There are 2 protein chains.
Amino acid sequence: MYRIGELAALYDIKADTLRFYEKHGLLSPSSRSDSGYRLYNQDDSERLKFILRAKAVGFSLNDIADLLSIEVDKSNRACAEVKGLVDTKLEQVEAKLAELQHFATSLKSLSNTCCGGPDSAEHCSILEALESSDQHIIAKKEQHHFSHSGHKD
Amino acid sequence: MYRIGELAALYDIKADTLRFYEKHGLLSPSSRSDSGYRLYNQDDSERLKFILRAKAVGFSLNDIADLLSIEVDKSNRACAEVKGLVDTKLEQVEAKLAELQHFATSLKSLSNTCCGGPDSAEHCSILEALESSDQHIIAKKEQHHFSHSGHKD
DNA sequence: ATAAACCTTGGAGTTTAATCCAAGGTCAAG
DNA sequence: CTTGACCTTGGATTAAACTCCAAGGTTTAT
Ligand SMILES: [Zn+2]
Ligand SMILES: [Zn+2]
Ligand SMILES: [Zn+2]
Ligand SMILES: [Zn+2]
C-alpha cells in the first residue's frame, strides 16, 4: 500500500496530479486509511503506469478515460465492441507513428545536409532550409550542403 | 500570395491561429497589402507546413520556435551548434518513436487477448487487463484469452 | 508533547494553444 | 453606392492538464 506521496514519488509526478486524476475518474485509490489518507495498491500502481505511458505517447486524459472506463458498462457490451475500441486506439497510435517516422526522416536529412563544422553558420544549409522552403531541401537526401559557400566542410 | 483566410483554408486551420502564430514569432507574412492585409508567399506556406507537421508529432510551439529561430543569431553560431540542435530534436523524436512503438505493441497484444466475439464482455480479457495489472497480460503475447470462461471464442 | 513531514479539502492560479468578440476598415459584385 | 465577405486590432474567453495555496488534521521521531 502506498500513500499518495509515495506513489507520486514512485512515478516522479506530484501528489496533486494523482488527486487531479482521481477527480477526473482516471484513478481512484482502492482504499483509505482510518484517518482518510488515500491508499493505493499494486493494481492502482499498474493502472497509473498504463495512464502515464498512454499520456507519454500523446493520448489526452479523455482518450485514456475512454479506454479505461469501457468496463463500467461491461455486461452490456460485447467483446467485439471492446476490441473495436482498442483497435481504434491502435490505429491512432499507428497513424501517429507514421507521422513521427516521417518527421524523423525530415530531421535526419536536415541534419545530413549540414557539415557540423566549427565555422560560422552564415551559410548553413539547415538554416537556409528552415528560413524558407524546408521541403525543398528536406526532400533531397544525402545532400551534405554542397551549396555551402561560407566555409569548407 | 495568399491572404490569411486563404492560407488558413489551405491547411484547414483558423485565421486566428495564423495571427496567434505570428504573435508568438513562429510565422510572419512576408508582406502586407497597401490596406494592411497579411500576404503570405510560398515560402511562408512551406514554413507553415513544417510547423504543422512538427506540431502533429507532439512538439510544443516553444520547441518549434526554438527550431525555427536558431537563425536569428546566425553569424555568431557555428554549423556544429546548429546541427547539434537539430540532432537533439531528432533524439527526442526517436525517443518518442520508441515509446509509441512500445505502446502500439501493448495495444496489439491487448487486442490479441480478446476474441472480439458478439457475447457479453463480462469476462473480456481486455477489460480484465485494464481493470487491474495490465502489464501482466500485456507482457504475454498471443494469449488469445484462454482464461475467458464467460463464453466460447 | 511538540516539531517536522506528511495528509485532507476546496478553490484559485498557471500554461499552452487556440478561439471568439467588438468595432471598424477594405473590396468585388450587382 | 450599398451589401456581404473579407480583413484589421486589442482584449476576453475557452479547454486541458496541471499546480499551488490556505487552513487544518495525522503520524512519527525526538
Ligand atoms: Zn557547414
Ligand atoms: Zn551547417
Ligand atoms: Zn471474448
Ligand atoms: Zn474480449
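Being a predicted model, the structure only gives us computed values, none of them experimental.
Separating the CG atom of Asp16(B) from the C1' atom of dC6(D) is a distance of 13 Å, rounded to the nearest angstrom. Between Asp12(A) atom CG and dT19(D) atom P there is a gap of 11 Å when expressed in whole angstrom units. For the pair Asp34(B) CG and dC6(D) C1', the computed distance is 17 Å after rounding to whole Å. Counting to the nearest Å, the C1' atom of dC7(D) and the OH atom of Tyr2(B) are 19 Å from each other. Going from atom NE2 of His24(B) over to atom P of dG10(D) covers 14 Å, rounded to whole Å. Following rounding to the nearest Å, Asp63(A) (CG) and dA16(D) (P) show an atom-to-atom distance of 11 Å. When the P atom of dT26(D) is taken as reference, atom CD of Glu6(A) falls 18 Å away, rounded to whole Å. The separation between Ile4(B) atom CD1 and dA5(D) atom C1' is 15 Å, rounded to whole Å.
At least one donor-acceptor pair closer than 3.5 Å links the side chain of Ser60(B) to the backbone N or O of Asp63(B). Listed for the Thr88(B) side chain is a donor-acceptor partner under 3.5 Å among the backbone atoms of Gly84(B). In this structure, Tyr11(A) contributes its side chain and Ser45(A) its backbone to a donor-acceptor pair below 3.5 Å.
Between Gly36(B) and Phe59(A), the one whose closest nucleotide on DNA chain D sits nearer the 5' end is Gly36(B). Each of Lys14(A) and Ser35(A) has a nearest nucleotide on DNA chain D; the 5'-most of these lies closest to Lys14(A).
Between dT19(C) and Thr17(B), a contact under 4.0 Å exists linking OP1 or OP2 to a side-chain N or O. Contact annotation: Tyr21(A) side-chain N/O to dC18(D) OP1/OP2 distance is under 4.0 Å. Phosphate contact (OP1/OP2 of dG11(C), side-chain N/O of Arg19(A), threshold under 4.0 Å): absent. Between Arg38(A) and dT8(C) there is a side-chain polar atom (N or O) within less than 4.0 angstrom of OP1 or OP2. At the phosphate of dA17(C), neither OP1 nor OP2 sits under 4.0 Å from any side-chain N or O atom of Lys23(B). Proximity of Lys55(B) to the phosphate of dT16(C): no side-chain N or O atom is located under 4.0 Å from OP1 or OP2.
For Leu61(B), the side-chain atoms get nearest to dA17(C) when compared with the rest of dT8(C), dA17(C), dC6(D). Closest to the side chain of Tyr37(B), from the set dT16(C), dC7(C), dC27(C), is dC27(C). Distances were taken from every side-chain heavy atom of Phe20(A) (C-beta onward) to each of dA17(C), dC7(D), dA17(D); the shortest belongs to dA17(D).
Of the inter-residue distances, the one linking Ser111(A) atom OG with Lys89(B) atom NZ reads 14.0 Å to the nearest 0.5 angstrom.
We find that Asp44(B) and Arg47(B) are not joined by a salt bridge, their nearest charged nitrogen and carboxylate oxygen being 4.0 Å or further apart.
The residue Ser60(A) sits close only to the backbone: its heavy atoms come under 4.0 Å of sugar-phosphate atoms, none of a base.
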